[in-house]
**Q** 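Below are the structure tokens for one structure; questions will follow.
All values below come from the heavy atoms of this structure, side chains included, with hydrogens, waters and symmetry mates left out.
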Amino acid sequence: MGMKRKASKLDAHGARLEEWFLGGKTLAEAQALLKAEGCAVSLSRLSDWWQARQNMRQEEVLLGQIASGARQCRDVEAAFGKDPAPELETIIKLQRVLIMRLSVSAHADPELLDLVARLTKPAMEWAKLSEKRAERELAEQKYRDVVSERKRALEAEVGKARAGGGLTEETLQKIEAELRLL
């Protein structure tokens, strides 16, 4: 991720410098303390060293998070190997519970309101998709019912025609062909 940096005389003082900077000391204060210990360094060099050290720490944190995420993914995949993953509908229900909990907590922490708003959007999209799916399933069922009723009516008509001899053979063949299409 980052390039190897050249060793610095400040590295020997790294633990104390981190303690000082994290404790709120300024660059000038740290420079003075280093000078008292026999390590003379310019403010710009000290600033560059501290920036590089912070970048290195951020890289280490990021790499740790990536490694942790990879372990969590392996654990989840192993768990899914034993038990199936939850259905999307279950995940949405859990998200709704999370949204409600965050909404209650948002009174104490107003920044959570933005998170609640962002989490609500996918839940609302899921609800719209569910409604569209239900409408489509209803339309498909109505179509199947109409086709079934038409087929039943045609079969009844063919049955009457055969029994009564009221249809020609050609008409019967056309009706039977239409029934096969249904």
Side-chain angles (χ1 to χ4, degrees), residues 1-8 10-31 33-34 41-148:
M1 185 148 205
M3 297 180 357
K4 276 203 169 202
R5 69 178 189 84
K6 192 171 130 181
S8 167
L10 293 173
D11 291 342
H13 305 277
R16 277 192 310 272
L17 284 167
E18 281 192 27
E19 182 182 324
W20 293 340
F21 288 131
L22 295 175
K25 297 244 184 272
T26 66
L27 286 170
E29 291 170 330
Q31 180 189 36
L33 290 169
L34 284 172
V41 65
S42 71
L43 281 178
S44 65
R45 179 67 198 117
L46 183 57
S47 176
D48 290 345
W49 179 89
W50 180 236
Q51 185 62 48
R53 184 71 165 230
Q54 287 177 306
N55 290 344
M56 187 175 67
R57 289 177 66 201
Q58 286 176 340
E59 271 187 31
E60 289 171 357
V61 167
L62 179 61
L63 291 173
Q65 289 172 339
I66 291 170
S68 174
R71 281 191 302 275
Q72 289 173 3
C73 284
R74 281 193 304 271
D75 292 347
V76 167
E77 287 174 4
F80 286 160
K82 296 174 188 169
D83 297 310
E87 294 293 324
L88 186 56
E89 191 168 336
T90 302
I91 293 170
I92 293 297
K93 287 177 183 176
L94 291 172
Q95 184 182 21
R96 287 179 181 159
V97 170
L98 180 60
I99 289 169
M100 294 306 296
R101 286 186 179 171
L102 287 173
S103 295
V104 170
S105 301
H107 295 292
D109 186 358
E111 291 180 9
L112 290 177
L113 287 175
D114 181 52
L115 181 58
V116 168
R118 286 185 286 150
L119 286 172
T120 302
K121 186 177 179 182
M124 295 303 290
E125 288 173 2
W126 170 257
K128 286 178 190 175
L129 287 174
S130 294
E131 191 174 312
K132 285 182 180 179
R133 183 183 68 224
E135 288 173 3
R136 187 195 75 239
E137 288 173 351
L138 179 61
E140 288 173 354
Q141 184 59 49
K142 285 181 179 180
Y143 174 76
R144 284 191 298 271
D145 292 347
V146 166
V147 168
S148 177

**Q** My understanding is that only residues two or more places apart in sequence, or in another chain, count here; which of them pass salt bridge (charged side-chain N to carboxylate O under 4.0 Å, His left out) with E77?
**A**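 If we apply the salt bridge (charged side-chain N to carboxylate O under 4.0 Å, His left out) test to E77, skipping adjacent residues, there are no hits.
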**Q** Using every non-hydrogen atom in the two residues, find where A30 and L46 come nearest and quote the distance to one decimal.
**A**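 Taking A30 first and L46 second, the nearest heavy atoms are CB-CD2, 3.9 Å.
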**Q** Hey, is the main chain of W126 close enough, under 3.5 Å, to the side chain of S130 for a donor-acceptor pair?
**A**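 Yes, because the side chain of S130 sits within donor-acceptor range (under 3.5 Å) of the backbone of W126.
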**Q** Listed by chain and number, what are the salt bridge (charged side-chain N to carboxylate O under 4.0 Å, His left out) partners of E137, not counting sequence neighbours?
**A**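 Expected list: R133.
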**Q** To the closest 0.5 Å, what do you measure between CZ (R136) and CG (L138)?
**A**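 That separation rounds to 11.5 Å.
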**Q** Residues two or more places apart in sequence or in another chain: which of them pass side-chain hydrogen bond (donor to acceptor under 3.5 Å, both in side chains) with R16?
**A**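 Counting only residues at least two positions away or on another chain, R16 forms a side-chain hydrogen bond (donor to acceptor under 3.5 Å, both in side chains) with H13, E37.
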**Q** Can you list the residues that meet the side-chain hydrogen bond (donor to acceptor under 3.5 Å, both in side chains) rule with E18, with sequence neighbours excluded?
**A**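 Listed in chain order: R53.
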**Q** At their closest point, which heavy atom of R45 faces which heavy atom of L10, and how far apart are they?
**A**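 Looking at all heavy atoms of both residues, the shortest contact is O-CD1, 4.3 Å.
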**Q** List the atom of W49, the atom of S8, and the distance in Å for their closest heavy-atom pair.
**A**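 So the minimum-distance heavy-atom pair works out to CD1-OG, 3.8 Å.
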**Q** Quick one: salt bridge (charged side-chain N to carboxylate O under 4.0 Å, His left out) partners of R118, sequence neighbours excluded?
**A**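 D114.
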**Q** Between Q141 and R144, do the side chains contain a donor N or O and an acceptor N or O under 3.5 Å apart?
**A**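 A donor-acceptor contact under 3.5 Å links the two side chains.
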**Q** Dump the intermediate steps for side-chain contact (heavy atoms from CB on, under 4.5 Å) on Q31 and L34, then the final yes or no.
**A** CA-CA 5 Å; Q31 180 189 36; L34 284 172; 5.8 Å; no
**Q** Are side-chain N/O atoms of E59 and N55 paired as donor and acceptor at under 3.5 Å?
**A**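 The answer is no; no qualifying pair exists.
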**Q** Mind checking what makes salt bridge (charged side-chain N to carboxylate O under 4.0 Å, His left out) contact with R71, not counting sequence neighbours?
**A**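 Once residues adjacent in sequence are excluded, R71 has no partner under the salt bridge (charged side-chain N to carboxylate O under 4.0 Å, His left out) criterion.
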